[in-house]
Amino acid sequence: MSEHSSNTPEKPTLDGVEARWMQQWEADDTYHFDRTGTRDQVFAIDTPPPTASGALHIGHAFSYTHTDTIARYQRMRGKHVFYPMGWDDNGLATERRVQNVTGVRCDPSLPFDPDFIAPYTGDVPKDHRPVPVSRPNFVSLCHSVIHDDEEVFEQLVRRLGISIDWSLLYTTIGERSQRASQRAFLNNLARGEAYQQDAPTLYDIDERTAVAQAEMEDRDVPGAYHKIAFHRSDGDGDLLIDTTRPELLASCVAMVAHPDDARYKPLFGSTVRTPLFEVEVPVLAHHLADPDKGTGIAMICTFGDTTDVTWWRELNLPSRALIGFDGRMAIDTPPWITSTGGQAAYAHVAGLGPKQAQRKIVELLLESGEMLGEPRPINHPVKFYERGSRPLEIVATRQWYIRNGGRDEALRNALLERGEQLIWHPAYMHNRYQNWVGGLNGDWLISRQRFFGVPIPLWYRLDDDCNPVHDEILIPDGARLPIDPSVACPEGFTDDQRGKPGGFVGDPDVMDTWATSSLTPHIAGGWIDDPELFARVFPMDMRPQSHDIIRTWLFGSVVRSHLEHGCVPWTHATISGWILDPDRKKMSKSKGNVVTPINLLQEYGTDAVRYWAASGRPGVDTAVDEGQMKIGRKLGTKLLNATKFVLGFGEPPAGAVPSAPVDLAMLSRLAEVIDEATRAFDEFDYARALERTESFFWWFCDDYVELVKGRAYGTQGDDAAHGAQAALRQALEIIHRLFAPFLPFVTEEVWSWWRVGSVHRATWPDSQPLASGGDASQLLPVSEVLGAVRRAKTEAKLSQRAAVDELIVTGPRAALEAIEACRTDLAEAGGIAQFTLSEGEPLTTTVRLAPSTDTRVGH
RNA sequence: GGGUGCAUAGCUCAGUUGGUUAGAGCACCGCCCUUACAAGGCGGGUGUCGGGGGUUCGAGUCCCUCUGCGCCCACCA
């Protein structure tokens, strides 16, 4: 790294630095990952692959900056930084976006139409009815839309100065991802960790797909209690229940009360008759029944909620499910309704959706007098798919699961143990993991009845009636992956056996997007395709992500890594906070308060936006704050000007070294800053590293530079000037490097004025050579005197150039010695004619200004 | 109901293992065209560190408790 003569611009500016250096970094491949290093030389980051859906969110700028500062720091420490980017383009988010911009809807029963053209490419009118298209047509539309989105995204990430090695780019729908995802699934299957089950499943009736526990959320929605009378079969009156879902009456299979409930104890074992449908159902006891809820006795339906599923399973009840995949009541009158009256009642609700069915049932109950009083409105929590708009229904379906400890204590404990092994930043985020894993109530449902995803790589034998025999799984050879079973043919079969009696059929489902993204270390690290690379990067060093996806992405990744490799997938989990809008409200698309970073980048510049982001403490929710960006902008400008000033002296002669006590003291303080920044970065506390560096830098500019300016200009002779210049340059060079992780553009700019190569490939500063000889504590009294002189002049409403006749300082010996040691510098900086120093406590400074104005300042 | 985080100047926040008079920026006010910087620089005031109790020579920092706000999980008849 040789110096060359400075080419400082006449008028330094931040304008245009982004474009210039983005291009240069790309041309120089500055962030290229050198894969020749051994594992301990590598720092590997499991970057979150964003859903590349058009606009970058300010939250991306926030959290990606955090990770990038760490990446840049590690790179300067000499690590081979493995910093890939991925696009999470598989899954429902993309499907929805494609539906919204092209005006189509996938109908897998349709045949492929090679000439199909989407009705729209952009804004679809509100009244447009989606055009049904075949699955291959739909998938191909998805591919073309995401391709465009991802180009835009890449430019934005580059513009944010994120030091990605773009040659490592992956997409979760790409071939590498599909291969890794299918291979991992087949490995799970072979080891018995993946299994299929036909069971009641929470199901989104709009998206027509099963949903995993991790993707559900509770929402408070209005509902109402309906008090309904069931007729005791012994004719001895009615049994009253409260229900929020009267529309499920026809699915009632039993009544249940707590075993100790004296009110109902005598009835256990007897039967009652359901209103309207006149079906006999037993009265049973179960400890989950809560005597304080409603009337203390509940009707069990298949299936109103998850408690119904538990009762159904544990009490061995029959299944009388009526709600179909579309959320509507079955058209045909079910066989368990045998009375004429019951059948007539059912005819009224057959085929209705949940809301209409409820209205109709209530109407019928009121007519028959079996509902007591009006419905009593309440608000109650109901399970929704997190992206859904109607409550989930419970439908019995065959689905694929991966064991995650939800039904197996040993596995659960093993996964809790993995959570212990991870180093969490901040540490308390570990609680969320424990909370989640401890509260799992089932295995991980990974099959989705969707289209744009990684197919489940299996076929099933068909029986003589063309029904799939789900126990007879046909598994592809691993070398063929990835495969699409709707196109590929199982070994030993020919394509003309597809869908034929005795032939085969492909599994129609795709995997949950998390089932693929839980393998990002494998996908990015080349698990299947590049084992040599994988051995160098896995387990990775760092997984950055936000706390809302601990239960999905983080936990899923731990599950996969545990099952596949018996280890955690990374050493550190760094959890970033959320972005709040300027009013400190959580930012969300639905609230319409989302801030796009592009305007902020244009107005303040990338470094300024990064400065704001890096000021947000790890894990802390942070509000968008343009004030911070203004400060960041100012900091960048200051760096330009300070650099221009220091370099303006030219290069001192070879051999010139800092020797004045104040110079050595400054360097010694800087050594402390290096140590603190280094320690902070090693603990992933970028914000602290920035804060230390920044406060040093402002002190450096305000006090130190002002103090030594005269000497550097040569007022005390050439040797003194060269010493000051050497100190200034030495400090400046370190300041450039300390700021480089935060302000990549402006630091690269100023570095280029006097150094060869990229500052981002320079080594992280070492405090060792600076620490000797200086005494940082000397700087305090010196700053004190400078401040006192300035204050005196300001209060006297004089220019800072005003002369001081006499400076009288009383203070402890050490302070006086420090002042004495840079007396000439102080005299020049403050225009001080005479010093009078005397020992005493406390430190007091009296400033006698030239026109005989006395100002006493001190404590 | 279980868990967890936060509460410091008008605002946004920093205060690393307890240690001298509690800090920064913004905002507000004043001064200064000082040869790096006027889209600058210099200077200024403001705090029962949420309430109460405890440990300690010493508490913003540790313990207990209460209050308020937020988040995660559970409950869903």
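These values consider heavy atoms only, across backbone and side chains, with no hydrogens, waters or symmetry-generated copies. We name chains A, B, ... by the order of the sequence lines, and we start the count at 1 in each one.
- Comparing B:C64 with B:C73, their P atoms sit 26 Å apart, to the nearest whole Å.
- Comparing B:C69 with B:C29, their P atoms sit 35 Å apart, to the nearest whole Å.
- Using a 4.0 Å heavy-atom criterion, one finds that A:D685 contacts no nucleic acid atom at all.
- Salt bridge annotation for A:R245-A:E393: present, with a cationic side-chain nitrogen under 4.0 angstrom from a carboxylate oxygen.
- Atom P of nucleotide B:C13 and atom OH of A:Y611 are separated by 14 Å, given to the nearest angstrom.
- Considering CG of A:L826 and CG of A:L786, their distance stands at 5.5 Å, rounded to 0.5 Å.
- Put simply, A:R679 has no side-chain N or O that comes within less than 4.0 Å of OP1 or OP2 on B:U16.
- Using a 4.0 Å heavy-atom cutoff across all strands shown, A:K709 reaches at least one base atom of the nucleic acid.
- No N or O donor and acceptor, one from the side chain of A:R432 and one from the base of B:U4, sit under 3.5 Å apart.
- Using a 4.0 Å heavy-atom cutoff across all strands shown, A:W311 reaches at least one base atom of the nucleic acid.
- Closest approach to the A:K293 side chain among B:A77, B:C42, B:C73 is made by B:A77 (side chain taken as heavy atoms from C-beta onward).
- A salt bridge is defined here as a Lys NZ or Arg NE, NH1 or NH2 lying under 4.0 Å from an Asp or Glu carboxylate O, and A:K709 with A:E706 meets this definition.
- Residue A:K383 is classed as a base contact, given a heavy-atom separation below 4.0 Å to a base.
- For the OP1/OP2 pair of B:C75 and a distance below 4.0 Å, the side-chain nitrogens and oxygens of A:H380 include no atom meeting the criterion.
- As the counterpart of B:C26, B:G10 is assigned, both hydrogen-bonding distances of the Watson-Crick or G-U wobble pattern falling under 3.5 Å.
- For the C1' atoms, the distance linking B:U48 with B:G52 amounts to 13 Å, nearest Å.
- In terms of position along RNA chain B, the nucleotide closest to A:N431 lies nearer the 5' end than the nucleotide closest to the other residue of the pair A:D548 and A:N431.
- When heavy atoms are screened at a 4.0 angstrom cut-off, A:V620 is found touching no nucleic acid atom at all.
- The residue A:N435 sits close to a base: some heavy atom pair falls under 4.0 Å.
- Taking the C1' atom of each, B:G54 and B:U12 are spaced 33 Å apart, rounded to whole Å.
- The separation between A:W698 atom CH2 and B:C42 atom P is 8 Å, rounded to whole Å.
- Among the protein residues, A:D290 comes within range of the nucleic acid bases, having at least one heavy atom under 4.0 Å from a base atom.
- Side-chain proximity of A:W578 to the nucleotides B:C32, B:C72, B:C42 is greatest for B:C72.
- Side-chain nitrogen and oxygen atoms of A:Q628 include none within less than 4.0 Å of the OP1 or OP2 phosphate oxygen of B:C11.
- A distance of 3.5 Å separates CE in A:M299 from OG1 in A:T243, rounded to the nearest 0.5 Å.
- Checking the phosphate oxygens (OP1, OP2) of B:C13, no side-chain nitrogen or oxygen of A:R617 falls inside 4.0 Å.
- Rounded to whole angstrom, the span from the CD1 atom of A:I631 across to the P atom of B:G41 amounts to 12 Å.
- Heavy atoms of A:C301 sit nowhere under 4.0 angstrom from any nucleic acid atom.
- Phosphate proximity of B:C42 to A:T794: absent, as no side-chain N or O sits under 4.0 Å from OP1 or OP2.
- Nucleotides B:U17 and B:C62 are separated by 8 Å at their P atoms, to the nearest Å.
- Looking at heavy-atom distances under 4.0 Å, A:A680 makes no contact with the nucleic acid at all.
- Residue contacts shown for A:Q213 are limited to sugar-phosphate atoms, with no base heavy atom under 4.0 Å away.
- Between the SG atom in A:C301 and the CG atom in A:L322 there is a gap of 9.5 Å [rounded to 0.5 Å].
- Here A:T637 lies out of heavy-atom contact (under 4.0 Å) with every strand.
- Here B:U16 is the nucleotide among B:G43, B:U16, B:A77 with the atom lying nearest to any side-chain atom of A:R692.
- The side chain of A:R801 places an N or O atom within less than 4.0 Å of a non-bridging phosphate oxygen (OP1 or OP2) of B:U34.
- Summary of the strand contacts: A:M216 and A:T243 both lie near RNA chain B, and taking for each the nucleotide with the nearest heavy atom, the more 5' one is attributed to A:M216.
- B:U17: no Watson-Crick or G-U partner with both key distances under 3.5 Å is found in any strand.
- Nucleotides B:A27 and B:C63 are separated by 38 Å at their C1' atoms, to the nearest Å.
- When every heavy atom of A:Y686 is checked against every heavy atom of A:G616, the shortest pair comes out as OH-O, 2.9 Å.
- In this structure, A:R692 does not pair ionically with A:D685, as no charged nitrogen and carboxylate oxygen lie closer than 4.0 Å.
- Nearest nucleotide to the A:W436 side chain, out of B:U16, B:A77, B:C73: B:C73.
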Mind running side-chain hydrogen bond (donor to acceptor under 3.5 Å, both in side chains) on A:W753 and A:T643 for me, showing each step along the way? CA-CA 9 Å; A:W753 296 345; A:T643 302; over 6 Å; no
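- Residue side chain A:D621 does not reach the base of B:C71 through any donor-acceptor N/O pair under 3.5 Å, judged by distance alone.
- Two rings, from A:Y433 and A:W424, have their centers less than 6.0 Å apart.
- A gap of 25 Å separates the C1' atoms of B:U65 and B:A22, to the nearest Å.
- Residue A:K638 places at least one side-chain N or O closer than 4.0 Å to OP1 or OP2 of B:G41.
- Within the 4.0 angstrom heavy-atom criterion, no nucleotide atom of any strand lies near A:R633.
- Within the nucleic acid shown, A:E706 comes within 4.0 Å of at least one base atom, counting heavy atoms only.
- A distance of about 11 Å separates the P atoms of B:U46 and B:G23, rounded to the whole Å.
- Taking 4.0 angstrom as the limit, A:R791 places none of its side-chain polar atoms (N or O) nearer than this to OP1 or OP2 of B:G43.
- One finds no side-chain N or O of A:K11 lying less than 4.0 angstrom from the OP1 or OP2 phosphate oxygen of B:C37.
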